[in-house]
There are 2 protein chains.
Amino acid sequence: MSLPHAVLGLLAVAPGTGYDLTRRFEASLSHAWHASHSQIYPELARLQGRGLVQEAGRGARGSRTWAITDQGLAELDRWLVEVQPNRSQRNETALRWFLLPLLPADQRRSALEREIADMLDSTAYLEAAAAGSGEVADDHPFRATAKLGVRINDVMLAWLREQLADT
Amino acid sequence: MSLPHAVLGLLAVAPGTGYDLTRRFEASLSHAWHASHSQIYPELARLQGRGLVQEAGRGARGSRTWAITDQGLAELDRWLVEVQPNRSQRNETALRWFLLPLLPADQRRSALEREIADMLDSTAYLEAAAAGSGEVADDHPFRATAKLGVRINDVMLAWLREQLADT
DNA sequence: CCTTGACATGTAAGAAACGACATGTATTTT
DNA sequence: AAAATACATGTCGTTTCTTACATGTCAAGG
């Protein structure tokens, strides 16, 4: 169960509201861990109960800004360093690519074309992130990861095009 | 919910028992979709109820061999071609890599070293699969996907080493 | 002969996640 | 001024997943 550590990680970069975290999950973590607001709000309450986050102020529209505590930072470090990683994954795209060879050639081609189109969208998005567009500029700690994403996408795109050529 | 289609996909390659499918999930699908036997047995029963798989014989130790039906193949194709892919993921490794920049340098280095070691193991495994070791030899439909896995691992390994050098 | 390990199938309780419901405020656009 | 959109927080029923429990067979090695 990685949700609490994903939330702690995002709050370690900057404090934020539940709403804000929901968007950051979509924007930065979408290729790693998915969570919706209906998970995030209860998780913030649990983390507060454990003393790992605290309210750092209230704003307009009843918003509550959360910040990670020292205990929370310690827990995040402990998890990253000491806890045995769970390498199991759930990635529907990977499953689909795996099963693609089972399709007849014409259907396989159109499926591959859809995947290529989606991959181009994804790459455009990641390249913007890797360039640091708009965001916190150069101190942005996740720049390197976005660059990795771009490289992986390049490899995947080349593979998809090979598959299409071979079909 | 991709579990039923993952099971159908594996049965489309070759019939098998629940136990056998459990191992094939670990061996072939571990980088795409995780499922344990306690999910697989009930899922086979549900798929049978929908007419998508059928019992293809019984063997020693009370084993039941399952095969995909024509209806099952049709459903699998339909899902691959018509159903809108769900691009959300859950990948703890990706989450960890994403959060790595938050660690102090010395801890980050040791975490990176562990990741590199695990990546080497994974690559060795995938290279064997891509070469078609032991398995169904050249008609093995998932060879191409294993090759993609190897290429992605190469990119990830290079990135990890860069990160380590930069830390 | 006995033990260990791989083969083999299930169930059940609890945790996690999803999708829909529910409500309200502030800002921007028409 | 009104409407639409973005901001904002929550809950609830259902589905899905995990972990542990439970049981039994067959083959190989000591």
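Every chain is numbered from 1, with letters handed out A, B, ... down the list of sequences.
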Rounded interatomic separation in angstrom, taking CZ from B:Arg64 and C1' from C:dA8: 12 Å

Least distance between heavy atoms, A:Arg90 atom then B:Gln39 atom: NH2-OE1, 3.7 Å

Spacing between B:Asn86 atom CG and C:dG19 atom C1', to the nearest angstrom: 13 Å

Ionic contact status for A:Glu92 with A:Arg96, cut-off 4.0 Å: yes

Short side-chain N/O contact to D:dC7 OP1/OP2 from A:Arg23, under 4.0 Å: yes

Length of the OH-C1' vector between A:Tyr19 and C:dA26, whole Å: 12 Å

A:Thr69 (side chain) donor-acceptor with A:Gly51 (main chain) under 3.5 angstrom: yes

Atom-to-atom span, CZ of A:Arg58 to C1' of C:dT25 - whole angstrom: 16 Å

Minimum side-chain heavy-atom gap B:Phe25-B:Leu3 below 4.5 Å: yes

Whole-Å gap separating P (C:dA8) and CH2 (B:Trp66): 15 Å

4.5 Å side-chain heavy-atom contact, B:Glu115 and B:Thr93: yes

For atom CD1 of B:Ile40 and atom C1' of C:dA8, their distance in whole Å: 13 Å

Length of the line joining A:Glu43:CD and C:dA15:P, which is rounded to integer Å: 14 Å

Nucleic acid footprint by protein, nucleotides 11-23 of chain D - heavy-atom cut-off 4.0 Å, B for base, S for sugar-phosphate alone: B----SSBBB---

Salt bridge present between B:Glu162 and A:Lys147 (N-O < 4.0 angstrom): no

